[in-house]
Novice: 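I have a structure I would like to understand better, so I am pasting it below and will then ask my questions one at a time.
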Amino acid sequence: MTATVEKQVYSVNDIMVLLGIGRTKAYELVNSNCFRTLKVGDKLLSLKKALIYG
């Protein structure tokens, strides 16, 4: 039996793919304070809830 786990956080690369935008625009978006992001080490992460509900 194989369980699939749905992502609850997205990296900038994930956001690029999901929204069909380039790296520069993705970084502009996560740095715009339109939704909450987390910095973990060198990575910027966004909660799935924040992307969906703002």
Novice: From L38 CG over to L47 CG, what is the distance, rounded to the nearest 0.5 angstrom?
Specialist: 5.0 Å
Novice: Quick one: side chains of residues 14-26, donor-acceptor pairs under 3.5 Å with protein atoms, not counting sequence neighbours, listed by atom name and distance.
Specialist:
residue : atom : partner : partner atom : Å
D14     : OD1  : K7      : NZ           : 3.1
D14     : OD2  : K7      : NZ           : 2.6
D14     : OD2  : S11     : N            : 3.0
D14     : OD2  : S11     : OG           : 3.3
R23     : NH1  : N13     : OD1          : 3.3
R23     : NH2  : N13     : OD1          : 3.3
K25     : NZ   : E28     : OE1          : 3.4

Novice: Out of curiosity, does Y10 fall in the hydrophobic cluster containing F35 (side-chain heavy atoms, cut-off under 4.5 Å, transitive links)?
Specialist: yes
Novice: Starting from the C-alpha separation in whole Å, work towards a yes-or-no answer on side chain to side chain contact (heavy atoms under 4.5 Å, CB included) for N31 and L44.
Specialist: CA-CA 9 Å; N31 289 318; L44 281 171; 4.0 Å; yes
Novice: Are V12 and L45 co-members of a hydrophobic cluster defined by side-chain heavy atoms under 4.5 Å apart?
Specialist: no
